[in-house]
Visitor: 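The following block contains the structure, expressed as structure tokens.
Note: hydrogens, waters and symmetry copies are ignored here, and every other heavy atom, side chains too, is used.
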Amino acid sequence: MASWNSIPLEITYDTFGWLAFFSWSISFYPQVILNFRRKSVVGLNFDFVLLNLTKHSSYMIYNVCLYFSPVIQRQYFEKYGSGEMIPVAANDVAFSIHAVLLTAITLFQIVIFDRGTQKVSKISVGIIIAVWLIAAICFFIALPSQSWLWLISIFNSIQVFMTVVKYIPQAVMNFARKSTDGFSIGNILLDFVGGLANYAQMAVQSIDQNSWVNFYGNIGKTLLSLVSIFFDIIFMCQHYLLYPAKKATFRSKLEREGKEPLVKSLEETASENV
């Protein structure tokens with residue numbers, strides 16, 4: 001296994017890695033806190049959360065297996081060369097485990113808080129069933145030859161696919177409502193910082209090793225950053241450019257409704273009918 005050629009670059013790599021970890025990890029909390037304060041999940045797309053849980057579960061399986069399994073690491077070196085470095089860092093493992101936990105908490109909030117008329121779509125349920133069915137089939141294909149690197153690469157591909165798919169329902173919902181109310185922009189801003197830091201971390205490793213193998217050796221991590229950044233920009237445009245007036249109007253309406261009495265007096269009712 002290769003070692004670092006430059007101590008400053010190694011420190012920079014670790015710094016970007018943990019910046020990505022903290023940004024991505026903290027990004028889950030604004031939505032959880034918003035849901036708790038409102039006691040409502042109206043405005044948060046349920047498909048987004050459910051697809052996100054499958055995405056992070058797949059990513060956790062990939063990171064944990066590649067980081068801890070000597071057998072899979074050996075297969076990685078056999079494929080890409082013994083001089084390369086494992087493209088999964090400790091912060092990747094910590095983030096993915098934390099992400100599964102926080103996404104599960106958000107899903108629990110959907111169960112217990114006010115949901116309005118929102119439901120999980122049959123399309124999302126079908127996608128999730130199909131994805132895990134494919135994963136199960138791949139496991140039995142890999143079992144005879146013990147092609148574990150190939151198997152976890154499937155999980156890495158699944159998380160890339162789910163990363164692309166998961167954002168679409170929320171973006172479409174924001175467009176249909178012409179509002180981002182109920183969907184935390186803090187989540188998006190932190191996710192954006194994490195995506196940039198994650199990509200920068202991989203670039204630093206490539207510069208030190210004078211090799212770009214870690215980009216295509218862990219294509220999932222590369223695409224994870226790029227896709228996240230792309231959709232984060234879309235959400236920021238929706239929140240700050242496209243629907244700020246609608247968002248303000250929607251909030252003021254909620255504030256007015258909150259100040260109105262639930263039951264009007266007989267005098268008020270009579271005066272309204274005159």
Side-chain angles (χ1 to χ4, degrees), residues 1-3 13-14 16-18 20-21 24-25 28 50-104 127-167 191 194-195 197-199 201-206 209 211-228:
M1 179 176 175
S3 58
Y13 172 87
D14 290 334
F16 277 129
W18 288 108
F21 166 74
W24 272 343
S25 297
F28 290 94
L50 200 59
L51 294 169
N52 206 21
L53 183 60
T54 298
K55 180 262 179 187
H56 286 304
S57 298
S58 303
Y59 192 45
M60 181 184 68
I61 291 172
Y62 173 82
N63 285 332
V64 169
C65 290
L66 185 53
Y67 188 79
F68 289 108
S69 173
V71 174
I72 297 178
Q73 290 179 1
R74 185 179 70 250
Q75 293 179 2
Y76 182 89
F77 293 138
E78 290 174 355
K79 182 175 181 179
Y80 295 106
S82 58
E84 300 298 333
M85 299 179 70
I86 294 296
V88 173
N91 63 274
D92 297 316
V93 177
F95 162 73
S96 57
I97 295 174
H98 180 268
V100 171
L101 176 62
L102 266 293
T103 307
I127 290 174
I128 292 171
I129 293 175
V131 162
W132 287 110
L133 182 60
I134 291 172
I137 293 173
C138 290
F139 171 78
F140 287 107
I141 293 175
L143 188 58
S145 59
Q146 297 188 353
S147 304
W148 305 126
L149 179 63
W150 173 81
L151 179 61
I152 67 167
S153 297
I154 295 298
F155 280 102
N156 203 15
S157 300
I158 288 174
Q159 75 92 7
V160 172
F161 170 73
M162 299 305 292
T163 299
V164 175
V165 172
K166 73 170 187 175
Y167 289 110
D191 189 60
N198 188 59
Y199 197 79
Q201 183 192 35
M202 298 183 71
V204 168
Q205 181 177 333
S206 295
Q209 299 294 303
S211 169
W212 299 96
V213 168
N214 67 306
F215 275 93
Y216 58 82
N218 190 356
I219 190 66
K221 187 175 180 179
T222 304
L223 293 179
L224 169 64
S225 299
L226 296 179
V227 172
S228 297

Visitor: In terms of the angle between their ring planes, are F95 and H56 parallel, tilted or perpendicular, with boundaries placed at 30° and 60°?
Guide: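 Aromatic pair F95/H56 classed perpendicular.
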
Visitor: Would you call N198 and D92 a side-chain contact if the rule is heavy atoms closer than 4.5 Å?
Guide: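 Answer yes - side chains close enough.
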
Visitor: Sub-3.5 Å donor-acceptor pair from the side chain of Q75 to the main-chain atoms of Q146, do we have one?
Guide: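 Pair found, side chain donor or acceptor close to backbone of Q146.
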
Visitor: So, taking the atom named OH in Y59 and the one named CE in M162, what distance separates them when rounded to the nearest 0.5 Å?
Guide: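 Taking OH in Y59 and CE in M162, the distance rounds to 15.5 Å.
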
Visitor: Answer whether the closest heavy-atom distance between the side chains of S228 and Y167 falls below 4.5 Å.
Guide: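 Yes, side chains in contact.
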
Visitor: What's the spacing between I152 CD1 and C65 SG if we round to 0.5 Å?
Guide: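 Between I152 CD1 and C65 SG, I get 6.0 Å after rounding to 0.5 Å.
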
Visitor: Do L66 and P87 come close enough that some side-chain heavy atom pair is under 4.5 Å?
Guide: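 Yes; the side chains approach each other to less than 4.5 Å.
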
Visitor: Answer yes or no: is there a side-chain heavy-atom contact under 4.5 Å between Y67 and S96?
Guide: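 They are not in side-chain contact.
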
Visitor: Would you please test I141 and W150 for side-chain contact (heavy atoms from CB on, under 4.5 Å) and show each step?
Guide: CA-CA 10 Å; I141 293 175; W150 173 81; 4.0 Å; yes

Visitor: Over all heavy atoms of both residues, which pair between F68 and Q73 is shortest? Give the atoms and the distance, please.
Guide: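 Heavy atoms of F68 and Q73 come nearest at N-NE2, 4.3 Å.
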
Visitor: Let me confirm one number: the CH2-CG distance from W24 to N91, rounded to the nearest 0.5 Å.
Guide: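 Here the interatomic distance stands at 9.0 Å.
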
Visitor: Side chains of Y62 and I158: closer than 4.5 Å at any heavy-atom pair?
Guide: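 No; the side chains remain at least 4.5 Å from each other.
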
Visitor: Of the non-hydrogen atoms in A20 and G194, which two are nearest, and what is the gap between them?
Guide: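 In this case the closest contact between A20 and G194 is CB-O, 3.6 Å.
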
Visitor: If you round to the nearest 0.5 Å, how far is CG of L143 from CZ of F139?
Guide: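 Here the interatomic distance stands at 5.0 Å.
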
Visitor: Would you mind reporting whether L50 and T54 have side-chain heavy atoms less than 4.5 Å apart?
Guide: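 Not in contact.
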
Visitor: Determine the interplanar angle of the F21 and W18 rings, folded into 0 to 90°, and report it as parallel if under 30°, tilted if 30 to 60°, perpendicular if over 60°.
Guide: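 Plane angle over 60°, so perpendicular.
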
Visitor: Does any part of the side chain of L149, heavy atoms only, come nearer than 4.5 Å to the side chain of R74, both counted from C-beta?
Guide: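 R74 vs L149: side chains apart.
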
Visitor: Which distance, rounded to the nearest 0.5 Å, do you find between the CG of L53 and the CD1 of I128?
Guide: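 Here the rounded value is 7.5 Å.
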
Visitor: Side-chain contact test, heavy atoms from C-beta onward, threshold under 4.5 Å: evaluate it for L151 versus F155 and give yes or no.
Guide: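 They are in contact (side-chain heavy atoms under 4.5 Å apart), so the answer is yes.
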
Visitor: Considering all heavy atoms of both residues, which atom of S25 and which atom of H98 are nearest to each other, and what is their separation?
Guide: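 Looks like O-CE1, 3.3 Å.
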
Visitor: Give, for atom CG of L102 and atom CG of N52, the distance between the pair rounded to the nearest 0.5 Å.
Guide: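 L102 atom CG to N52 atom CG measures 10.5 Å (nearest 0.5 Å).
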
